[in-house]
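First the structure, in the form of structure tokens, and then the observations on it.
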Amino acid sequence: MANPTLQRQVVVSLIFLCVTDAVAETLQYSIAEEMEIGSFVGNVANDLGLDNRKLGIRKARITSESSTQYFQLNMHSGDVVIAERIDREELCGQMVPCVLYFEFRLENPVHFQRAEVQIQDINDNAPMFPKKRLVLKIHELSPIKTPFILESAQDSDVGVNAVQNYTISPNKHFRLDVHSRTDGSKYAELVLETQIDREEQQEVNLILTAIDGGLPSKSGTTEIKILVLDANDNFPQFSQLVYKVELKENSDQNVLVCKVKATDKDQGLYGEITYSFNQVSEKVLKLFKLNQSTGEITVQGSVDFEEARMHEIDMQATDGGGLSAHSKVLVEILDENDNSPEVIITSIVSPIPEDSLPGTVIAVLNVRDRDSKENGKTVCSVEGVTPFSLRSSFKNYYSLVTEISLDREKVSEYNITIIATDCGSPSLTSQETVRVQISDINDNPPLFKQNSYTIYVNENNSPSLLIGTLNAVDLDYEQNAKITYALLPNEVGEISVGSYLSINPENGNIYALQSLDYEKIRDFQAVVRATDGGSPSLSSNATLHFQVMDENDNPPIILYPIQESTSLSSDLVPRSAQADYLVTKVVAVDGDSGQNAWLSFKLLKSTDAGLFNVVEHNGEIRTTRPMTERDNRKQKLIIVVRDNGKPSLSTTTILNILLVDGFSEPYMQLPDLHKEEGKDSKLTMYLVIALALISFIFLVSVVVFFVFKVIKTRRCEKKYFSATGNFYDDSNKPNNLIDIDGTGTLSQSYRYEVCLTTDSGGSEFKFLRPLLPNFPHHNGNVEVNLGINPNSQTLSNPVDQQDSPSEDAAKIFVEKKICREEYL
Ligand SMILES: *[C@@H]1O[C@H](CO)[C@@H](O)[C@H](O)[C@H]1NC(C)=O
Ligand SMILES: *[C@@H]1O[C@H](CO)[C@@H](O)[C@H](O)[C@H]1NC(C)=O
Ligand SMILES: *[C@@H]1O[C@H](CO)[C@@H](O)[C@H](O)[C@H]1NC(C)=O
Ligand SMILES: *[C@@H]1O[C@H](CO)[C@@H](O)[C@H](O)[C@H]1NC(C)=O
């Protein structure tokens, strides 16, 4: 290539080393590389001072030392031109200077001339980076001004045409420093100017340009990729500062309470978050479970509102680099109605006296419910119908009071059930029982089952015989019901009842103190008082009627015929007497009563068997046939009088009968009879008179008595039956009334019918016939009961005994006939 400017730069230096023909001078030329073929290098002819017309004659030529002939000689002008393309980089590389040699030769004379051509560099190459892309890894936390040396660019050119400068694409983090090595080559350094944040920019892409110094300059570029390496420069962050959640109490296990979330901008491990509880109480640890990786808090214990209404959990989130953040979870527990109300008896008064006034406080109680609000509101009441009620004193306090007065004898103990219900839904209920005992007050007297009792006692009892038991009942309790029995002082005739009886104060057993004799005392009364042990004590009375039961202890006594050993009385019978003529009558009495006094007569022996006959039940002696002359004048009969007791007792008597002639009129017999009896008549007369007198007095007294009684009985309903058959008005009866018979046999005359009869038309009179009362048919029973099982049950109620015919009884007592023969 022919560059004029370069041509001008060619320095022609001719050095004349020798002036001889043979002297070799070195011709020096300089051309730029890459000149066009034919471009002028120099004119040798001129430079050597030769005539260029002679060149041809001298056969001038140039030869190159190298195999390639870069130069050519123009024979006409002597100019040397470029024959081949010359690339400096190819010929010399980085060598400086780069020189080519050729030889100029002449003949005639031979002449040699050496020439050198210096090849000048031109900027024909651009800088080049060995790699299209550079990757740089930079830690995000690298300090400012940290240098990063970059690979240099290459430029085949040399000198100023080589790389002279580097530039980088504009950015905010890096600047470029260009430095020179000792050989003058340049290199670039990337310097961190501002902190780079991975979280902001994960990589930086830059263009690095290398510029050479040619005119015009050329440049080459490469890409720089800067990867920002992560550092744990970010703290985790919770999504909320405080998490507020509500949790129902009694929530099931594994129920999710709350999920906390924390984030970390760092990458990888530095961005991995682990959750943990931070300094929480044991309670919270037991109650809640944390999934460390997900931040889920679940229930693992039993959540009880009553234990804690709020839980505060400090949370911590930690990343892989150890940085942590904190947050708080507030768990509010919601109440459920899971607690029944509690009834607490704070004080109780038991037992309470039965006479406590209505309104007396028995117990104070408190109702509690651990739930809150409606679930904790309670209502309290007494179950069922009781004489108790609740009064509310102040909030949740109640007193249990009596509403009416109490009676221990009806209900001695109450189990009062108090029910408390809360207002939750569904509501819960609980109950408590208060046991209240009622203490006794002596408000009940001892009570006998009956007001009066009848006790039958056999006569001739052994002293200290248990004859009965009285039992009173007291409805009170213990000491108030402890009964003491006592006999009230009372008179039995002239002897106090205490000499007959005694009572065991504790069990009411009644003992006879002495042997009783029916013939002396047939009945009597006593009053027993039962007193309880209360203070003051109460008492009540019962009347005891004692009936002495007859035993057959008295043999019949013959009143007629009078038995006297000295004088034998005789009954007279006229020989003219017909059959069934009443001769006389054996009269006998028996001190006993009833069956025991029921006499029967029997003919034991007679002089003339078959002449006389004794009527068994009345003792009449009658003839069985008319008298005859042959009959013995003196007849003697032995008669047995036997009572009906068991065993029966008997007495025999001897009756003398005198058969007389001419004593036919029966009524004539009477005076004779008395005369005949002559010796005994005095006594008999007294007897008859006494009997008549007593009977009369008795009759009068009975009449008076009856009149008196009739008036009384009309006033009173209640009657009882005495052994003697009277109805006594219980209330009016004198307490000390004890019937005592006279001691003599004849004093029992009221029990006999005194009768002078005309019925047979014969001369006879009935004399003191005993009337047999009808009552002993229950005798045996009573004896057995009293002797063996003397309890109050067997004591017959007098009213029960009204089965004994009252008519008979009345007859015993009342009916007294005095029949007189018309002629008397
Ligand atoms: C390199 O280039 C920069 C930017 O183009 C310039 O500021 C600087 O002066 C140049 N350095 C040299 C030695 O020419
Ligand atoms: C945490 O939760 C994950 C995802 O649900 C589960 O795979 C893991 O087992 C749980 N870890 C614990 C300790 O429960
Ligand atoms: C009260 O309760 C007690 C104990 O449970 C029981 O022994 C008693 O018989 C009860 N009393 C009544 C009157 O129910
Ligand atoms: C019991 O009898 C006594 C004496 O007769 C009398 O004073 C007392 O009032 C009586 N008591 C009762 C409760 O009847």
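Atoms considered below: every heavy atom in the structure, side chains included; atoms not considered: hydrogens, waters and symmetry mates. Since this is a predicted model, take the numbers as computed values, not measurements. We count ligands from 1, going down the list as the structure has it; atoms in each ligand are counted the same way.
- The protein non-hydrogen atom at the shortest distance from atom 9 (O) of ligand 2 is Asn291 ND2, 4.8 Å.
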For Asn161 and Asp212: C-alpha separation, side-chain torsions, deciding distance, then whether side chain to side chain donor-acceptor pair (under 3.5 Å) applies.
CA-CA 5 Å; Asn161 292 332; Asp212 63 21; over 6 Å; no
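- Glu312 has a carboxylate O that lies under 4.0 Å from a charged side-chain N of Lys328, or vice versa, which qualifies the two as a salt bridge.
- Ranking protein heavy atoms by distance to atom 5 (O) of ligand 2, first place goes to Thr294 CG2, 4.2 Å.
- Rounding to the nearest 0.5 Å gives a distance of 4.0 Å between CG of Asn232 and CG of Leu323.
- The atoms of ligand 2 that sit less than 4.0 Å from any heavy atom of Ser293 are 1 (C).
- When each atom of ligand 3 is checked for a heavy atom of Glu413 under 4.0 Å away, the hits are 1 (C), 8 (C), 10 (C), 11 (N), 12 (C), 13 (C).
- In this model, a donor atom of one side chain and an acceptor atom of the other lie less than 3.5 Å apart for Asp266 and Asn234.
- Closer than 4.0 Å to atom 14 (O) of ligand 2 lies at least one heavy atom of the protein.
- Expressed to the nearest 0.5 Å, how far CG of Leu192 lies from CD of Gln195 amounts to 7.0 Å.
- Under a 4.0 Å N-O distance rule, the pair Glu223/Lys132 does not qualify as a salt bridge.
- The closest protein non-hydrogen atom to atom 7 (O) of ligand 3 is Arg435 NH2, 4.1 Å.
- Ranking the protein heavy atoms by distance from atom 11 (N) of ligand 1 puts Asn165 ND2, 2.8 Å first.
- Tested against Ile438 for a side chain to side chain contact (heavy atoms under 4.5 Å, CB included), the candidates Lys410, Arg408, Glu409, Glu413 yield a single pass: Arg408.
- Ranking protein heavy atoms by distance to atom 10 (C) of ligand 3, first place goes to Asn415 ND2, 2.4 Å.
- Distances from atom 3 (C) of ligand 2 to the protein include at least one heavy-atom value under 4.0 Å.
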